[in-house]
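Beneath this line is the structure, given in structure tokens, with notes to follow.
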Amino acid sequence: MADLTVELFGKTLKNPVMNASGTMGYGVEMEPLWDIKNMGAYVTKGLSLKPHHGNPPPRIWEERHGMINSIGLHNIGIDAFFNNFMPFFEKKELPVIINFFGFSEEEYIECARQIKPHRLIVCLEANLSCPNIKAGGISFGKEPENVYRLVKKIKSVTEIPVIAKLTPEVKNISDIAMAAYDAGADGLTLINTIPGIYVDIDNKNIPIKGGLSGPFLKPIALKAIKECSERVPIPIIGVGGIMDWKDAVAFFMAGARAVQVGTATFVDPFTIPKIIENIGEFINSKGYSSIKDIIGVVNT
Amino acid sequence: MADLTVELFGKTLKNPVMNASGTMGYGVEMEPLWDIKNMGAYVTKGLSLKPHHGNPPPRIWEERHGMINSIGLHNIGIDAFFNNFMPFFEKKELPVIINFFGFSEEEYIECARQIKPHRLIVCLEANLSCPNIKAGGISFGKEPENVYRLVKKIKSVTEIPVIAKLTPEVKNISDIAMAAYDAGADGLTLINTIPGIYVDIDNKNIPIKGGLSGPFLKPIALKAIKECSERVPIPIIGVGGIMDWKDAVAFFMAGARAVQVGTATFVDPFTIPKIIENIGEFINSKGYSSIKDIIGVVNT
Amino acid sequence: MRDFEGEVIKNEHITKDFFIIEFRLQKPIYAIEPGQFVMVKIPDERVFLRRPFSIYDCNKNSLSIMYRIKGEGTHYLSKTPKGIKTQILGPLGKGFNINFEDHLKPVIIAGGIGIAGVHLLIKKIKKTPDIFYGCSDEKEVKLIEDLKAKHVYIATMDGSFGFKGDVISLFERHLKHYQSSICIYACGPEAMFKSLKEKIKPEIKCEVLLEERMACGMGLCFGCVKKTLDEKEPYKRVCKEGPVFDIWQISL
Amino acid sequence: MRDFEGEVIKNEHITKDFFIIEFRLQKPIYAIEPGQFVMVKIPDERVFLRRPFSIYDCNKNSLSIMYRIKGEGTHYLSKTPKGIKTQILGPLGKGFNINFEDHLKPVIIAGGIGIAGVHLLIKKIKKTPDIFYGCSDEKEVKLIEDLKAKHVYIATMDGSFGFKGDVISLFERHLKHYQSSICIYACGPEAMFKSLKEKIKPEIKCEVLLEERMACGMGLCFGCVKKTLDEKEPYKRVCKEGPVFDIWQISL
Ligand SMILES: Cc1cc2nc3c(=O)[nH]c(=O)nc-3n(C[C@H](O)[C@H](O)[C@H](O)COP(=O)(O)OP(=O)(O)OC[C@H]3O[C@@H](n4cnc5c(N)ncnc54)[C@H](O)[C@@H]3O)c2cc1C
Ligand SMILES: Cc1cc2nc3c(=O)[nH]c(=O)nc-3n(C[C@H](O)[C@H](O)[C@H](O)COP(=O)(O)OP(=O)(O)OC[C@H]3O[C@@H](n4cnc5c(N)ncnc54)[C@H](O)[C@@H]3O)c2cc1C
Ligand SMILES: Cc1cc2nc3c(=O)[nH]c(=O)nc-3n(C[C@H](O)[C@H](O)[C@H](O)COP(=O)(O)O)c2cc1C
Ligand SMILES: Cc1cc2nc3c(=O)[nH]c(=O)nc-3n(C[C@H](O)[C@H](O)[C@H](O)COP(=O)(O)O)c2cc1C
Ligand code: FES
Ligand code: FES
């Protein structure tokens, strides 16, 4: 069998495939179909200090070969998550990545502070695409200085490794990556959705403003991974438009140490187990011994 | 018949549909299929002061429902354009928009200066996505200050109206729009391609780094148009992912005074004449009298 | 819940833009509650996400859906020939609660294509229900052809068949006779639920089947929520906590 | 040039992964130069851009293409059943110049699927050509079955038929007999052109059919360029200035 294990912050994941935050509920919802302990790690829905109700419907809209979502960071809050769902992951011995956010710096920091280290928690994934309500709703992740300051503060309140999840709606994503790195980030997740809107020509309105996800993100995510991996020497988790194992392999070759699958799960809920199986076969069939042999191998 | 005319900088275009720069060669190539004088205006391939050879092949790559191009601004230069092709547009009495660029501020300015006013020239369309070679290859269009300075200088050397064509790879496109407006831009073209790369997993290389175009741009372009039209009171030309008349209508409703069609022409070379015909029918069937009745009508 | 491979064995036009499609499932499906639904992969590459449809009817090895052409997805579905195979995820969601108290008379109210959502309920409910069916015209009465044996009150908007007007107005005429000894199951447009809620007393048990745009259909994305009166957690997932809700707990 | 609607009337497997597809055109097509090509809309929504193929054969109302399965597009093309209609843009590009001087003997060299690019040339050329065909094995000799009447020299890489080795080595053996009184038309992989160019003297007229990725196929996008020795304007569009180029003018 191919060796699919990867190291992430001192922990060994059985394989480098995870769900993308917000696309696998609280984990338990997948139970009827397949055992999520087969994934490398489970990434939580974006969590915050307090519960958030999220946006009114409609929250999703189909786009040509992709979708727009405006869930609005609906979540039960960190306390409820740990009380209600952590036992589930403990029973499975499944590593967990805690995706979290805040609508202010204080919320991020307080949230990070309250998350206690746990043998299953691989790292915190700070979703920097969240709008900063105090700063007029501009997201934290857009300015290197803001990212630097926020990541630095988050790092100062937690012993858990911290990865910064970046928005592609920036001038130059590797500048942002650099800022996160300088501030002490232990890794990066690239990329979040791209903002877009839908115009309904029959009703002459805009039913949804949200984030685009799906296969068209792939070339943009790959570019981000390639560029950031050239500048920043910390592990990168790749996400954006992965639909099958070939896409996943492209992400590894571009420099991702692990990948996350989001929207594809909605189209085919077995996408993740299929990818895990198929990258194993790929590794074997090409005569590699380990997934590590293909990470970042692309020539430029 | 529906009134499809729109005003652009004092000129009346017979309809609001044009090709996107770089997607209809020098205009003459379409001759065997349909008469391009049926378009509202012809937009030139990106022109520069001197001819440019562009990038070595491969220059195009198919993506899922879209493409990546890295033409590298291959063009014959403004002099040759005016000598060889302007007579063609004169014979057709077809209004022309001159898309141009430079690899330095001086090149932009000198290029704009050398383009003499002409009864058929509607405006200059400054492609601000071009890399600034002197500034390490970062494109001019990424910083409000750079856009302001460049547009101001361009405006100072020409009497022809100037529109700024913006790249979406920015933090906040309406800030850039605002800077262009403050500098005296007469209009905006939104949006250019989004940078992306292709990773070839068989050859373990990156055969192309370029700009993404096609249907997935649509929600991003619509967002840009909506946001910029709310802040900036100058005409907006919408472009990005328009595949059919319904897409075009969405662009008008979001606030575009005219639209450009690029990649769709490669898939179906009759896309533009079909859109012109169909928006006419739409206007009629909905009881509008003019295309102007649907521009910017979307509620938020 | 399972992701079944289904082969189209029938895709029949009923009337206007209504169809019934039947799939042979490659594995048996069990334990379906009336009101549950499936997510169907439309066998056309232009359609990205799956589409939710109530389970109209179901045997161990086959499942059918009654659908109306609404947009692209249902349009392509209507063009799907026999023999095509596709993926069908289900059964999904929480169906109708059919364990009502013995003294209650079940009343089923359906508007238009809403009949698809209560069809299996009508088949499976243990006590004979009164059925109210409303639609736009005589032609749509064809959708309940197989219910002819049952007692169905029919309303058409244009009066071309039965009562002229909407189904809630028709139901209202009968309401006084029932007093409070009924339990209602309804499926149809939201306007119908709104009007229904205004007409009945809060003592009356009433469950409604809601629709919302869905991406995953199984609780993963939180995209399909409806607002309820639960203040702590107002937005509930239609695909998971629903699609059947207590009418008194949702905000219409 | 026109955008024809073509209906698939034949889509035949020849050998290995080679096929011939024939379309009935809804309007007549005229004046085709051998070497010209068409842009075919692959009738599968997963394929975005059209695909370029040489015109293999053509009558007024029908057009055929010989193709090899290379990736997604040709894969789906091979699955296209009779009766499907699709769009075919053409004829495109500049074909072979067949008005060579009288004293010259035409020599046609094709490698593998490259035979598709010279097939119409072989049919239309006024003077009987010598044909050199190279492929990997015996099976691929089937691709020139209809040329049996002609004089064809065959090379296979594995030696299972004719000369063992590549087609240029085979051609080289004959080259000395021709002296310089030939004109060459070649179609095949670039490596073949490279090796050919090394073997022949610059006096020999030689045209080659080049391939490059294309978006529009008609000169609009400047995406399909090849480098030539023209210093002023090195990159020429394969779809417009080509696909046939003078071997002495391109940089290989
Ligand atoms: C639980 C449930 C059960 C349903 N049962 C049936 C049924 O039995 N028969 C039937 O005809 N229809 C049913 N619907 C509605 C059906 O899902 C939509 O009509 C269908 O998704 C429209 O798809 P489209 O591509 O044709 O329309 P489009 O408008 O092109 O669809 C675009 C997007 O909007 C979504 N959408 C549009 N309208 C609806 C809607 N009313 N509800 C949910 N999503 C929508 C689509 O799923 C898709 O993502 C049900 C919906 C739900 C949620
Ligand atoms: C002028 C011309 C004539 C041709 N004639 C023939 C012919 O008669 N028979 C035949 O089998 N093939 C021919 N080809 C090659 C054929 O176009 C490609 O094999 C085909 O496009 C591959 O598409 P795909 O989707 O199967 O492959 P993929 O690799 O999935 O294609 C991905 C992209 O790459 C492009 N591409 C891949 N390989 C080539 C190539 N060699 N040339 C051009 N584009 C390529 C495709 O067009 C597509 O845009 C010709 C090419 C050109 C330019
Ligand atoms: C429904 C939905 C909800 C999401 N919620 C979150 C979230 O809470 N936090 C976050 O960082 N990203 C969130 N994302 C972004 C995804 O994690 C991922 O970055 C993005 O969807 C791109 O990947 P994909 O194309 O594979 O879906 C969400 C995406 C979707 C579609
Ligand atoms: C092949 C190609 C060449 C292009 N060349 C230029 C150019 O020279 N100048 C420019 O401003 N934009 C150029 N563009 C961008 C288009 O004008 C347009 O903004 C973009 O393609 C999005 O529109 P679309 O999705 O309709 O293609 C080019 C796009 C393509 C695909
Ligand atoms: S559709 Fe995804 S949670 Fe309901
Ligand atoms: S393919 Fe567009 S110019 Fe040749």
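Hydrogens, waters and symmetry mates are skipped; everything else that's a heavy atom, side chains included, is used.
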Exercise. Ignoring hydrogens and geometry, is there a side-chain-to-backbone donor-acceptor pair from A:E62 to C:V47 under 3.5 Å?
Worked result: no

Problem set entry | C:R213 side-chain N/O to A:W61 backbone N/O, donor-acceptor pair under 3.5 Å | no

Exercise. When only pairs under 4.5 Å are counted, which of A:N75, A:N69, A:N55, A:V28 shares the most heavy-atom pairs with chain C?
Worked result: A:N55

Problem set entry | Residues, nucleotides or ligands: over 12 heavy atoms within 6.0 Å of C:K16 NZ | yes

Problem set entry | Heavy-atom proximity to chain C below 4.5 Å, by part of A:S70 | neither

For this session: Enter the distance from C:R2:CZ to A:L33:CG here, rounded to the nearest 0.5 Å.
Result: 10.0 Å

Exercise. Please walk me through it: do A:I60 and C:E212 pass side-chain contact (heavy atoms from CB on, under 4.5 Å)?
Worked result: CA-CA 9 Å; A:I60 47 185; C:E212 188 48 73; over 6 Å; no

For this session: Counting only heavy atoms closer than 4.5 Å, note whether A:P58 contacts chain C via side chain, backbone, both or neither.
Result: both

Exercise. Just wondering, are more than 12 heavy atoms of other shown residues or ligands nearer than 6.0 Å to NZ in A:K14?
Worked result: yes

For this session: Select one option (side chain, backbone, both, neither) describing which atoms of C:K232 are under 4.5 Å from chain A's heavy atoms.
Result: backbone

Exercise. If you round to the nearest 0.5 Å, how far is CZ of A:F266 from CE of C:M39?
Worked result: 10.0 Å

For this session: Please tell me if the side chains of A:H74 and C:V225 come closer than 4.5 Å, counting only heavy atoms from C-beta onward.
Result: yes

Exercise. Would you say C:E231 has more than 12 foreign heavy atoms packed within less than 6.0 Å of its CD?
Worked result: no

Exercise. Looking only at heavy atoms, which two atoms of A:I71 and C:G223 are closest? And how far apart?
Worked result: CD1-CA, 3.6 Å

For this session: Begin with the C-alpha distance, continue with both residues' side-chain angles, and end with the deciding distance and a verdict on side-chain contact (heavy atoms from CB on, under 4.5 Å) for A:K45 and C:F222.
Result: CA-CA 10 Å; A:K45 205 171 157 32; C:F222 284 72; 3.6 Å; yes

Exercise. Under 6.0 Å between ring centres, would you say that holds for C:Y235 and A:H53?
Worked result: no

Problem set entry | Residue part contacting chain A, namely of C:K227, when any heavy atom lies under 4.5 Å | neither

Exercise. Under the 3.5 angstrom rule, does the side chain of A:R59 hit a backbone N or O of C:C224 as a donor-acceptor pair?
Worked result: no

Problem set entry | Pairwise side-chain contact, A:T265 with C:C216, heavy-atom cut-off 4.5 Å (strictly under) | no

Exercise. Take atom NZ in A:K92; do more than 12 heavy atoms of anything else shown fall under 6.0 Å from it?
Worked result: yes

For this session: Sort by residue number and list every member of residues 66-100 of chain C having a non-hydrogen atom under 4.5 Å from chain A.
Result: C:L89

For this session: Would you sort out whether A:M30 and C:L220 count as a side-chain contact (heavy atoms from CB on, under 4.5 Å), showing the intermediate values?
Result: CA-CA 8 Å; A:M30 199 49 102; C:L220 306 174; 3.9 Å; yes

Exercise. For C:K124, does the NZ atom sit with more than 12 other heavy atoms under 6.0 Å from it, leaving out its own atoms?
Worked result: yes

Problem set entry | Euclidean distance, C:R46 CZ relative to A:H65 NE2, rounded to 0.5 Å | 9.0 Å

Exercise. Between C:R237 and A:E29, is the closest basic N to carboxylate O distance under 4.0 Å?
Worked result: yes

